[in-house]
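Below: the structure, in structure tokens.
On a predicted model such as this, the values are computed, not experimentally measured, just so you know. Only heavy atoms go into these numbers, but all of them, side chains included; no hydrogens, no water, no symmetry mates.
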Amino acid sequence: MDARLTPANDHVAHQSLRGIVDAPAYTDGTWRRAGVGVADILRAPNGARNRQALFGERVLQLDDRDGFAFVQAERDGYVGYMSSSCLTDDGSTTHWVSNLGSHLYPEPDFKQRAIDTLSFGARVTVVGASGRFAETDAGLFLPKAHLSSTDEKRPDIVATAELFLGTPYLWGGNSRDGIDCSGLVQAALLAAGHDCPGDSDMQEALGTAIAKDAPLQRSDLLFWKGHVAIVVDGTQMIHANAYHMAVAYEDIQEGIARIEAQGDGPVTARRRL
């Protein structure tokens, strides 16, 4: 089983794994939500970052000890550890941040000091309005112009990826503060209403294969071992990458040659959604 997607550790396993995984205890878990702008999902308590959860995203908490909760993210099934202080009670959400970013304010006034910064994809519960601001269930405010209702989608995944142009590259990142190749693809696909796993090797199973001699189209995905890019048009792609240390455009053929020359191999798959 893929440890990234298996809700089990040395202390507990999800109830669905009874008889499959030997664990000291089994649990159905408790649904929680990320209560800060961006929260790291770690490989181990105090360990390396694997992915991130955005404000309002739902996680199933399976265990909580020594200040770290063992969780599984609802959006893609990713398993890991989050600081317990980053979690808040579960609840329904009504809107998501469809601008690249936004801020939470204590009052409906942009001159106030912001309480937190939210990234594209963050989820909030709107209970009221004051002028140009929406009020959340926590009594905080953010601009209405930065929000879309939960049933609104952004079907153009290239246009969504382009919002992140210049965003710093961050291994395991999922936000405007820093994002990696698979995080960029996931943000774009989730906004379009597609399910999308968290890592590029998992994403390589998305869609259908494109013949090697077939021309590429906008929104096609190109894969290398450990990397993914989105096709913008017949000559250009967009990707978060460590060469530019940012989300950037790159000529497709030049990028393919550069990646192979630096030792990361040829394109392993071409997929169409």
Give the table of side-chain donor-acceptor pairs shorter than 3.5 Å for residues 20-27, with sequence neighbours excluded, one pair per line with atom names and distance.
{"unit_1": "Tyr26", "atom_1": "OH", "unit_2": "Val21", "atom_2": "O", "d": "2.6"}
{"unit_1": "Tyr26", "atom_1": "OH", "unit_2": "Ala23", "atom_2": "N", "d": "3.2"}
{"unit_1": "Thr27", "atom_1": "OG1", "unit_2": "Gly29", "atom_2": "N", "d": "2.9"}

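- Take Arg75 and apply the salt bridge (Lys or Arg N to Asp or Glu O under 4.0 Å) test, not counting sequence neighbours, and it matches Glu57.
- Residues Ser175 and Ser119 have side chains that never bring a donor and an acceptor to within less than 3.5 angstrom of each other.
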Would you sort out whether Gln203 and Leu189 count as a side chain to side chain contact (heavy atoms under 4.5 Å, CB included), showing the intermediate values?
CA-CA 11 Å; Gln203 294 170 353; Leu189 292 187; over 6 Å; no
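- Residue pairs meeting the ring pair (Phe, Tyr, Trp, His ring centres under 6.0 Å) criterion with at least one partner in residues 228-273, sequence neighbours excluded, are His227-His239.
- A ring pair (Phe, Tyr, Trp, His ring centres under 6.0 Å) check over residues 149-177, counting only residues at least two apart or in different chains, returns the pairs Phe120-Phe164.
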Could you go step by step and tell me if Leu87 and Val71 meet the side chain to side chain contact (heavy atoms under 4.5 Å, CB included) rule?
CA-CA 10 Å; Leu87 293 171; Val71 302; 4.3 Å; yes
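- Applying the salt bridge (Lys or Arg N to Asp or Glu O under 4.0 Å) rule to Arg272 yields the partners Asp220; only residues at least two apart in sequence or on another chain are considered.
- Under a 4.5 Å side-chain heavy-atom criterion applied to ILVMFWY residues, the cluster that includes Val267 comprises Ile210, Leu216, Leu222, Trp224, Val231, Met237, Ile252, Ile256, Ile259 as well.
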Got a list of side-chain donor-acceptor pairs under 3.5 Å for residues 103-111, not counting sequence neighbours?
{"unit_1": "Asp109", "atom_1": "OD1", "unit_2": "Lys111", "atom_2": "N", "d": "3.0"}

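- For the salt bridge (Lys or Arg N to Asp or Glu O under 4.0 Å) test, residues two or more places apart in sequence or in another chain that qualify with Asp90 are Arg33, Arg58.
- Heavy-atom contacts from other residues, nucleotides or ligands closer than 6.0 Å to NZ of Lys225 number 12 or fewer.
- Considering only residues two or more places apart in sequence or on other chains, Pro45 meets the side chain to side chain contact (heavy atoms under 4.5 Å, CB included) condition with Phe68, Tyr81.
- Counting only residues at least two apart or in different chains, salt bridge (Lys or Arg N to Asp or Glu O under 4.0 Å) contacts with residues 2-12 comprise Asp2-Arg4, Arg4-Asp199, Arg4-Asp201.
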How far apart are the C-alpha atoms of Val158 and Ile230, what are their side-chain angles, what is the distance that settles it, and do they pass the side chain to side chain contact (heavy atoms under 4.5 Å, CB included) test?
CA-CA 7 Å; Val158 172; Ile230 303 171; 3.9 Å; yes
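- Applying the side-chain hydrogen bond (donor to acceptor under 3.5 Å, both in side chains) test to residues at least two apart or on different chains, the pairs with a partner in residues 120-133 are Thr93-Arg123.
- At most 12 non-hydrogen atoms from other residues, nucleotides or ligands lie less than 6.0 angstrom from CG of Asp195.
- With sequence neighbours left out, the salt bridge (Lys or Arg N to Asp or Glu O under 4.0 Å) criterion links Glu250 to Arg258.
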Under the side chain to side chain contact (heavy atoms under 4.5 Å, CB included) rule, what do Thr235 and Glu254 come out as? Steps first, then yes or no, please.
CA-CA 9 Å; Thr235 63; Glu254 290 179 3; over 6 Å; no
